[in-house]
Amino acid sequence: MTTPPTPLIELVDVRKTYRMGDEDVHALAGVTLSIAKGEFVAVVGPSGSGKSTLMHLLGFMDRPTSGRLIFDQEDVSQLSSSAQATHRARKLGFVFQSFNLLPRLSVTDNILLPLSYARDGRKNGARRAAEVLDRVGLSHRARHRPNQLSGGERQRAAIARALVNSPQLILADEPTGNLDDQNVERVLELFRELHAEGQTIVLVTHDVNVAATASRQIRMQNGRVVPPA
Ligand SMILES: Nc1ncnc2c1ncn2[C@@H]1O[C@H](COP(=O)(O)OP(=O)(O)O)[C@@H](O)[C@H]1O
Ligand SMILES: [Mg+2]
């Protein structure tokens with residue numbers, strides 16, 4: 001007998017409804033899914049299918065209208081905004097399409113930023129920043145400003161920033177959307193390595209090659225998960 005993998009995330013009949021004028025928009029129309037610790041999941045689906053809404057819920061940026069959201073065995077469906085902020089700082093790392101590095105800070109100082117919101121603050125921060133910079137192969141860029149880096153290097157710096165607090169989950173929204181083919185491959189290789197080391201990753205992508213690199217695809221359509229074929 002194999003024990004079932006421990007879920008990191010469980011959604012049970014999650015709905016998210018936006019009121020637009022006198023019309024309800026069902027951005028999520030009853031989503032039930034489970035993501036195990038250590039999974040690398042690609043969320044795919046047409047524009048408007050609910051991918052960003054799902055990512056906002058997983059990122060504690062928003063709350064479901066109804067249904068349950070469980071993170072690491074804790075019901076986080078209706079956390080207060082301040083509890084959501086604490087969860088984000090301690091448990092999550094974010095990677096964005098447009099990198100979102102602060103232009104006036106060095107790479108190292110960008111990487112240190114999430115620690116200022118986390119429990120242990122910047123204690124041991126310099127050492128930790130050096131570790132994650134080494135992990136993404138950018139030790140030689142520590143003192144550079146973001147605009148002195150190539151697009152691929154910027155995204156690797158952003159991944160280092162996402163890793164600095166040893167997150168339980170990395171959420172990435174179109175992380176390769178602004179990269180050329182060569183840098184897409186380099187960033188995907190890094191995600192694959194992190195996955196092999198046990199990191200849980202959920203990314204949204206329009207790119208079939210990027211989706212194929214994940215260990216599982218979740219396909220969204222009209223606010224629902226399409227059952228796997
Ligand atoms: N803040 C909002 N207010 C009203 N409608 C929204 C809002 N956010 C998303 N929606 C609607 O919910 C649906 C799903 O959107 P979204 O999650 O952004 O889809 P995707 O990321 O797959 O393109 C769309 O019909 C969108 O217009
Ligand atoms: Mg979207």
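In each ligand, atom 1 is the first atom listed, and ligand 1 is the first ligand listed.
- In this structure, L105 and N110 approach most closely via the heavy-atom pair O-ND2, 3.2 Å.
- Close approach of ligand 1 to S47 (heavy-atom distance below 4.0 Å) involves ligand atoms 23 (O).
- More than 12 non-hydrogen atoms from other residues, nucleotides or ligands lie less than 6.0 angstrom from CG of N147.
- Across all non-hydrogen atoms, the minimal contact from F191 to I201 is O-CD1, 3.5 Å.
- Under 2.8 Å from the Mg ion (ligand 2) lies an N/O/S atom of S52, whether from backbone or side chain.
- What sits closest to atom 12 (O) of ligand 1 on the protein, heavy atoms only, is A27 CB, 3.2 Å.
- L69 pairs with exactly one of I9, V12, L79, V31 by the side-chain contact (heavy atoms from CB on, under 4.5 Å) rule, that one being I9.
- The two atoms that bring S98 and N178 nearest to each other are CA-ND2, 3.7 Å, heavy atoms only.
- The residues D13 and R68 are annotated as not salt-bridged, no charged nitrogen and carboxylate oxygen being separated by less than 4.0 angstrom.
- Under 4.0 Å from ligand 1, heavy atoms of T53 appear from its side chain as well as its backbone.
- Within a 4.0 Å radius of atom 23 (O) of ligand 1, the protein has at least one heavy atom.
- Residues K51 and D173 have side chains not in contact (no heavy-atom distance under 4.5 Å, counting atoms from C-beta outward).
- Remark: R192 CZ is packed, more than 12 non-hydrogen atoms of other residues, nucleotides or ligands lying under 6.0 Å away.
- In terms of protein heavy-atom proximity, atom 27 (O) of ligand 1 is closest to V25 CG1, 4.9 Å.
- Close approach of ligand 1 to P46 is summarised as follows: ligand atoms under 4.0 Å from at least one heavy atom of the residue are 22 (O).
- Of all the heavy atoms in S34 and E10, the pair that sits closest is OG-CG, 3.9 Å.
- Counting protein heavy atoms only, atom 13 (C) of ligand 1 is closest to G48 O, 3.7 Å.
- In terms of N/O distances under 3.5 Å, ligand 1 is approached by G50.
- Scanning all protein heavy atoms for the shortest distance to atom 6 (C) of ligand 1 gives Y18 CD1, 3.3 Å.
- When each atom of ligand 1 is checked for a heavy atom of S52 under 4.0 Å away, the hits are 17 (O), 18 (O), 20 (P), 21 (O).
- Set against the non-hydrogen atoms of S49, the atoms of ligand 1 under 4.0 Å away are 19 (O), 20 (P), 22 (O).
- Contacts with ligand 1 closer than 4.0 Å are made by side-chain heavy atoms of M20 only, the backbone lying farther away.
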